[in-house]
Protein chains: 2
Amino acid sequence: MSTRERPAAGRSHVPSVAANGADASHRTPPDRHGEILDAALELFATIGYRATTMAQIGDRLGIRGPSLYKHVASKQEMLVEIMAGMMTELLRRQRAALDAGGDVRERLERIVAVHVQYHAEHRYEAFVGHREIDSLEEPERSRILELRREYESNFRELVQEGRERDVFHTSSDRWSSYAILDMGIGVSAWYNPAGSVAPDELAATYADFALRMLT
Amino acid sequence: MSTRERPAAGRSHVPSVAANGADASHRTPPDRHGEILDAALELFATIGYRATTMAQIGDRLGIRGPSLYKHVASKQEMLVEIMAGMMTELLRRQRAALDAGGDVRERLERIVAVHVQYHAEHRYEAFVGHREIDSLEEPERSRILELRREYESNFRELVQEGRERDVFHTSSDRWSSYAILDMGIGVSAWYNPAGSVAPDELAATYADFALRMLT
DNA sequence: CCTACCGATCGGTAGG
DNA sequence: CCTACCGATCGGTAGG
């Protein structure tokens, strides 16, 4: 259902039987690990990490709770994998948007668009990523928070650069960057992929909102 | 610690011993019910409703978990009281802001300021109010969602009115009102009351952000 | 991948 | 307001 970011390491679990062809009848699917994470993600997003039971995750795949332990180490490890994958991917896209260059206005437009498009296309990852940080045990929680701080800093620094160049005007780099970040995060809570709005259209609109706010 | 909204009905629990004077030594404080809700609110906000145990709430008051049941009916009822009180108060303030009249620009400025100021001053109530909706059982959950829809509609309709009067310019009443709402909601997640920023200053700044976005 | 089961947690009640 | 306790839930393990 959801097209979750698969961390690079994820593929090492996959048997080399890449043939995803005809009848896979009773055999274990090639990417059971990925299927389990997808099911977990959807449940974490809709009812919350704590409320989700291993039995429910198994249900989605037609197996029992204890059977999951052949493919994942624990419930907590699944959350770690989901959240680390999410934050890493988001940061990767943000860096790409910044590296593409252009003037400060163009770069801001791009990182806002990337931010919003990700929060629409991957609303479950994004929603869980922001809501379940405190469900992570240490030291993973701190590691993720560190990535998030970097992500936020990139916004703030770009706003600052624009203000110093007299392209943007704001009474506070910090508040205006928070406002822009938060309106994008909000998208992950209400976006409906079955609706008629394409993520890139929404992203362009929000980038425009952000620019208006700053100019 | 937090100055929670006390629903009108809350006072009916309070003994008429209003004398909040000298030594209350071993006696039960006059507003045990309110104290319990305050402790619960702080825990719900910081570690989540599900993660909070009755024993932890009792700890904050120096009593055991089971003793709470002399003052509250259940953990769920505490959540209901907190969330209903929060949404009712927020809506009350929004209506007052709208009823104060003025042109569409002034009214928008005012409801954004009220929105943000509430989310800063009552960040715990606001945070729990948005995060724990699905922890509510029916029919309370639907009732609260109904109030929230009305709250959101008031934003959207005001944006629409401004656009029709050619005061505001936006490609979507819905998205721009969501963006404004969400940036305010975000405040409840990061606002630090111990910091040097007063809620009304933040509110005025965000009202300005919203107006810029729309004009 | 399954059943049986352990150990721990927790909301709520009984009965002072 | 307390201790003792019940009943249910749940993550994870044993051992096929």
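Quantities reported herein were computed from a predicted structural model and do not represent experimental measurements.
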> Quick one: which of dT3(D), dC1(C), dC10(D) gets closest to the side chain of Ile63(A)?
Replying inline: dC1(C)
> Could you give the NE2-to-P distance, from His71(B) to dG11(C), as a whole number of Å?
Replying inline: 18 Å
> Taking the inter-plane angle between the rings of Tyr49(B) and Phe44(B) on a 0 to 90° scale, is it parallel (under 30°), tilted (30 to 60°) or perpendicular (over 60°)?
Replying inline: perpendicular
> Under a 3.5 Å cut-off for both distances, is dG15(C) Watson-Crick or wobble paired, and to whom?
Replying inline: dC2(D)
> Taking OP1 and OP2 of dC2(D), is either one under 4.0 Å from a side-chain nitrogen or oxygen of Ser67(B)?
Replying inline: yes
> Quick one: Leu43(A) CG to dC10(D) C1', roughly how many Å, whole number?
Replying inline: 15 Å
>> Between C1' on dG12(C) and OH on Tyr69(B), what's the gap in Å once rounded to a whole number?
In response: 5 Å
> Rounded to the nearest Å, what distance is computed from the CD atom of residue Gln76(B) to the C1' atom of nucleotide dG11(C)?
Replying inline: 12 Å
> After noting the C-alpha distance and the side-chain angles of His115(A) and Tyr206(A), does the key distance pass the side-chain contact (heavy atoms from CB on, under 4.5 Å) rule?
Replying inline: CA-CA 10 Å; His115(A) 178 63; Tyr206(A) 269 62; over 6 Å; no
> Paired with dG7(C): which nucleotide, if any, by Watson-Crick or G-U wobble criteria at under 3.5 Å for both distances?
Replying inline: dC10(D)
>> Without decimals, in angstroms, what is the distance between Glu35(A) CD and dC1(C) P?
In response: 9 Å
> From the list dC1(D), dT13(D), dC10(D), which nucleotide is the closest neighbour of the side chain of Arg32(B)?
Replying inline: dC1(D)
>> Could you check whether Glu89(A) pairs with Arg92(A) (Lys NZ or Arg NE/NH1/NH2 to Asp/Glu carboxylate O, under 4.0 Å)?
In response: yes
> Strictly by modelled atom types, are Ser142(A) and Glu138(A) linked by a side-chain donor-acceptor pair under 3.5 Å?
Replying inline: yes
>> Could you tell me how far apart Glu77(B) (CD) and dG12(C) (P) are, to the nearest whole angstrom?
In response: 10 Å
> Between dC10(D) atom P and Lys75(A) atom NZ, what is the distance in whole Å?
Replying inline: 9 Å
> If you look at every strand shown and take non-hydrogen atoms under 4.0 Å, does Lys70(B) touch a base, only sugar-phosphate, or nothing?
Replying inline: base
>> Does dC10(D) have its OP1 or OP2 closer than 4.0 Å to a side-chain nitrogen or oxygen of Arg50(A)?
In response: no
> Under a 4.0 Å N-O cut-off, is there an ion pair linking Arg149(B) with Glu152(B)?
Replying inline: no
> When the distance from CD of Gln56(B) to P of dC10(C) is rounded to whole Å, what number comes out?
Replying inline: 7 Å
